[in-house]
Undergrad: 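To start, I am sharing the structure in question, which I have written as structure tokens.
First the proteins, then the strands, lettered A, B, ... as listed; each starts at 1.
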Amino acid sequence: MRRLATAAWLLVLVSAPLWLRSPYFLHVLIITGIFTIAAMSLNLLLGYTGQLSLGHVAFFGIGAYTSALMSLGFDIDLTDTFKLVVEPKPVALSFAVAIAASALFGWLIGRLSFKVRGAYFVIVSLSFAEVVRLVALNWVSLTQGPMALNNIPPVSVWLPGIGEYRFLGKVPNYYLMLAVAVVSYVVIARLVRSRAGRAMIALRENEALATSVGVDVTRYLVLATIVSAAMAGAAGALYAHYVRIVDPDIFLFIYTVTMVIMVVTGGKGTLAGPIVGGIIFGIVPQVLRDMAGPEVQWIIYGILMIVIVYFLPKGIVPALRDGLQRRRHVRDAGIDPLASAPPAEAAQRR
Amino acid sequence: MLFRLSSIVLAMTATAVLAGPALAQETIKIGVTEPLTGAFAASGNYVTQGARIAEDEINKAGGVLGKKIQLIVEDNKSNPTEAVATAEKLINSDKVPVMMGAWSSTLTLAVMPKLEEYKIPMLVETSSSDKITTSGNPYIFRISPTSGMEARAFTPLVKKLGIKKADFLATNNDFGLGASKAFSEMAKNAGVKIGVVETMDPNATDFSAQLAKIKASGGDTLFVTTAVEQITLILKQANDLQLKTRIITTGGSNAPDQLIEQAGAAANGSMHLVFFTPWFPDAVKNPEIAKKFVSIWNDKKYNVGGLTEGFRGWDGIYTIVAGIKAAGSADPAAITKALWNVKVKGINGDIAFIKQGPAGKESAQNVPSVYLVKIEGGKVVRD
Amino acid sequence: MVCKGRGPAPRDRGNPLEQLLQHGANALILGGTYALLGIGLTLIFGIMRVVNFTHGELYAFGAYMMYLWVMRLHVNFFVALLLAVALGVALGALIEYVLLRRLRSSDIDTTMLVMIGAWIAMQNTEQLIWSGVAQSISAPFPSQPLQIGHVYIGWDRLFVFVTALALIGLAYYLINRTKLGKAMRATFQDRETAMLMGIDVHLVNTATFAMGSGLAAAAGALLGPVFVVQPSMGDLASLKAFAIVILGGLGNITGATVGGFILAFMEELGAGYISSGFRDGMGFLVIILILIFRPTGLFAQKERIG
């Protein structure tokens with residue numbers, strides 16, 4: 001049943017450009033997809049290792065800026081006499097460098113989080129994102145500051161026989177995004193089900209206990225941050241080459257909040273959670289665009305977040321899963337669902 | 001389970017997407033992208049108000065080509081990426097044949113590649129960066145002056161005001177930096193010594209650091225280029241520091257009435273380069289049109305401080321409509337061609353376009369009038 | 001790295017000592033309001049262990065209340081100030097009672113998410129009501145600044161400084177000399193034991209959140225007339241408050257006070273001598289540096305557990 005569902009979904013997604021009437025809506029799907037990839041990466045940190053990073057947008061933005069700068073070429077005055085000049089590089093290479101750069105910063109933050117946990121980590125990650133934003137804003141000679149990096153080239157690959165193929169326009173970028181999304185999903189799924197993944201979950205559930213049985217907590221935390229940051233960086237690079245303009249506002253806290261909302265409402269710690277969250281918070285705003293002003297929409301999201309935390313604290317996907325499980329359990333055991341005794345399920349720790 | 005929920009979501013969105021657009025009315029759409037929120041919100045709102053006045057007037061007079069015009073206004077949030085998004089939406093979703101925007105030079109520059117990609121003309125009503133008309137984009141029609149033009153118009157005043165040493169304070173984007181560059185070049189050519197050139201973030205509220213440096217530089221004139229909210233704060237803080245230099249604001253987004261209202265006594269003595277003088281409408285080329293606009297604005301009880309910007313929206317819409325009329329259709333290519341030859345009696349003056357930029361891909365530029373006014377005793381006076 | 005805005009050589013600049021004194025005066029004045037923000041947040045963060053994202057919104061609320069009472073309803077400036085703070089306290093109590101009380105058993109992540117939701121809802125409500133255009137509040141002070149030697153201080157800023165100091169003093173009194181304050185300190189030291197000793201922890205929570213919010217609203221109400229009022233003004237205030245809390249150590253109000261002044265000085269000197277664009281970045285630099293080199297803050301006696 002599950003395989004069928006996944007296959008059906010994929011079919012729908014892959015064929016979308018054929019039956020979608022409005023190119024604007026395709027644009028919405030692409031942007032939603034990109035943010036969903038970022039949300040999936042945040043889920044790895046937030047959902048599986050339990051570390052709340054509120055600076056996640058920093059990795060997204062670093063990926064975007066790095067890829068943009070590498071593909072446009074840049075120069076930095078290192079001292080009064082020496083100038084570092086980097087010629088424009090092929091986009092595929094820029095993309096790879098962007099992922100590497102994000103991963104590097106992920107590693108740094110991962111190492112830092114070893115010393116600092118919980119609320120303090122939240123603040124450090126927040127500050128990190130703000131500092132990066134201010135650097136992007138003020139280092140005008142490199143990043144163009146508020147004037148934005150313009151005319152970023154689209155992704156292009158060299159295909160044997162065809163030569164250079166540029167991902168220009170909506171349809172090619174849609175498939176590119178889909179490809180990256182699928183790869184990201186698979187990477188996370190594999191990671192989470194592996195030994196490393198189990199270690200991460202152990203870290204989330206009870207760090208002290210995990211350490212005491214010999215799980216190298218730091219190593220897995222750092223691994224999670226690296227993968228998470230790299231993935232967010234990839235999403236950022238996708239964004240840069242699709243929208244083709246990048247400005248420091250990309251580091252605004254509101255984007256981190258969007259990702260957090262997607263993960264939390266969808267269901268942190270589940271694979272499908274960020275996707276459901278992404279769909280809801282990526283597509284619904286566009287559909288509502290003509291019906292309600294942006295402020296009203298955001299007020300609704302704020303309230304929605306509070307309501308979900310209260311009533312569905314684990315998110316939509318786990319709530320549905322539990323609901324269905326309970327029904328199946330009831331059906332299988334012939335229990336009267338209206339009887340008072342609760343089913344004997346293992347008590348959830350969170 | 002997941003399948004069921006997501007199917008519902010998909011069905012919902014599919015319905016929204018596949019359902020055709022609302023019953024199409026017979027209107028000619030004009031896309032407007034302005035900053036209604038963010039650092040430039042005040043100005044963006046004024047321009048939009050002016051545009052709406054023009055829309056009402058034109059529709060009351062029967063519209064153009066037998067149809068009414070419909071302004072579709074999108075908020076670009078004072079942010080370049082958002083500006084691009086609004087352009088995408090207006091062009092692809094609303095299918096507008098012509099646009100106006102995007103207020104700030106940075107925002108306009110961000111939108112320009114989209115104009116070329118989709119071949120849609122845009123009327124630039126406020127942006128002042130030279131880059132806009134010299135980048136070789138044939139879909140740009142600008143009615144506002146470039147910083148270069150403004151600086152050139154100012155040249156004779158250097159001697160009249162006796163400027164010996166000038167400092168510059170501008171907002172850290174194309175608008176501000178372009179103005180600082182143009183004015184400092186003009187000053188240098190006129191024999192003025194250049195003091196310090198300071199910048200600030202468009203969202204900053206504390207300029208004590210920059211002003212302290214400017215005070216220490218010892219210049220007699222300070223050229224300030226930014227939006228009205230920051231000018232208010234600069235005037236107040238300059239007063240707090242007892243900065244004695246003469247302050248001249250450029251760029252036309254300086255709304256002197258708002259400065260008087262919000263900066264109070266701190267505004268006295270400051271001078272402002274504006275492109276419309278609602279306080280003395282006889283100074284402009286078409287006083288009747290100017291007076292009518294001012295009276296409609298006041299009837300609607302709009303902020304009187306917004307007149308110096310609102311007129312841009314009015315001039316812009318009237319120019320666009322003249323283009324549509326001359327084109328004889330709502331086809332973007334025809335409008336682009338027709339706009340080159342329009343002659344409009346606008347509030348700022350007479351509007352007509354000359355070629356500017358690299359040969360073969362010129363943009364259109366109007367040569368508007370520039371006026372200098374002073375604030376004295378809580379009122380705006382001529383200088 | 002090419003820095004912007006380097007003026008002419010020092011010889012041309014006029015008396016550098018005067019400039020330094022001016023920067024010092026500016027920093028001192030700003031520091032008072034920063035201290036208010038910091039004390040408010042460190043109480044909430046320390047006693048309730050809540051990552052309070054609505055702190056900045058209370059700051060903005062205070063400023064908007066001033067705008068409402070002074071500019072729209074033409075109430076006396078000082079009366080409006082009192083009203084703004086009182087309303088801030090009330091709003092804080094309301095938020096705690098409605099949103100946080102039921103979450104007592106939850107972990108820090110959940111409360112934080114609720115706070116984020118509240119923050120988004122509040123800021124957008126403000127934007128919906130007042131629009132995004134920045135507003136000014138007129139203050140009844142002479143526009144000619146006070147002059148001490150070559151240092152100039154606006155009267156409005158002086159008022160802010162004096163009032164901030166008074167409020168800091170009030171906060172100290174409340175925490176250290178009243179029964180409620182004692183209960184708060186006890187809850188901070190050991191929540192379980194405090195409950196066992198019969199302290200009404202619910203009341204302490206509400207009082208803490210109300211007080212913290214009131215201080216934030218006061219900071220906003222004081223600074224609103226000095227600068228401008230816009231819906232997004234709270235965001236930067238929130239982040240700076242967090243910086244101060246980290247500087248001073250969680251729950252440590254002396255630390256928060258000193259931290260507030262230190263941050264103001266770092267900002268002012270950084271903006272004046274290094275780069276004007278990085279003024280607001282100083283706070284975050286501070287956070288990162290402190291957390292790398294001295295994670296417990298400059299003053300905290302209690303060891304921090306995550």
Side-chain angles (χ1 to χ4, degrees), chain A residues 1-2 4-6 8-9 12-13 19-29 31 134 137-138 140 144-151 168-170 239 243-250 252 270 272 275-276 279-280 283-284 286-290 293-295 316-317 320-321 323-325 327, chain B residues 1-7 9-10 12-22 36-39 74-75 77-85 88-95 104-107 109-114 117-118 129 131 135 171-178 199 201-203:
Chain A
M1 179 59 190
R2 190 178 237 175
L4 197 63
T6 324
W9 261 113
V12 165
L13 287 174
W19 47 263
L20 271 180
R21 267 223 240 134
S22 152
Y24 178 66
F25 207 79
L26 195 55
H27 165 79
V28 168
L29 274 184
I31 299 286
L134 287 168
L137 189 63
N138 286 292
V140 181
Q144 295 297 302
M147 291 167 291
L149 285 174
N150 257 320
N151 288 317
L168 194 60
K170 298 194 178 38
Y239 181 83
V243 174
R244 298 176 63 193
I245 173 174
V246 174
D247 73 290
D249 279 359
I250 212 179
L252 281 176
T270 67
I275 299 181
V276 170
I279 293 179
I280 297 179
I283 297 187
V284 170
Q286 298 304 327
V287 173
L288 286 182
R289 199 173 184 141
D290 294 322
E295 294 98 7
I316 295 179
V317 169
L320 283 177
R321 200 174 278 162
L324 250 115
Q325 240 175 20
R327 220 181 293 170
Chain B
M1 36 99 205
L2 175 62
F3 185 60
R4 221 192 279 170
L5 168 73
S6 21
S7 313
V9 171
L10 187 63
M12 252 171 54
T13 50
T15 326
V17 162
L18 294 176
L36 302 177
T37 56
E74 289 288 335
D75 176 13
K77 305 194 174 105
S78 310
N79 172 267
T81 312
E82 224 20 69
V84 171
E88 277 273 348
K89 177 176 180 284
L90 287 169
I91 296 175
N92 286 319
S93 188
D94 299 301
K95 305 249 187 290
S104 138
S105 303
T106 308
L107 303 174
L109 285 166
V111 169
M112 277 166 60
K114 293 290 166 187
E117 189 182 335
Y118 297 111
S129 165
K131 277 197 256 181
S135 315
T171 187
N172 192 8
N173 60 22
D174 287 298
F175 168 47
L177 295 175
T199 61
D201 184 303
N203 285 303

Undergrad: CZ/Arg244(A) to CD/Glu117(B) distance, rounded to the nearest 0.5 angstrom?
TA: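 One gets 7.0 Å once the value is rounded to the nearest 0.5 Å.
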Undergrad: Which distance, rounded to the nearest 0.5 Å, do you find between the CD1 of Ile245(A) and the NZ of Lys114(B)?
TA: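 Here the rounded value is 9.5 Å.
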Undergrad: For chain A, which candidate among Asn92(B), Asn173(B), Val84(B) shows the most heavy-atom pairs at distances under 4.5 Å?
TA: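 Heavy-atom pairs under 4.5 Å are most numerous for Asn173(B).
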Undergrad: Considering non-hydrogen atoms only, spot the tightest contact between Leu137(A) and Asn172(B) and give its length.
TA: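 Heavy-atom minimum between the residues: O-ND2, 4.1 Å.
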Undergrad: Checking heavy atoms, do the side chain of Pro113(B), its backbone, both or neither come under 4.5 Å from chain A?
TA: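 Only the side chain of Pro113(B) comes within 4.5 Å of chain A.
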Undergrad: Is there a side-chain contact (heavy atoms from CB on, under 4.5 Å) between Thr81(B) and Asp249(A)? Walk through the geometry before answering.
TA: CA-CA 8 Å; Thr81(B) 312; Asp249(A) 279 359; 5.9 Å; no
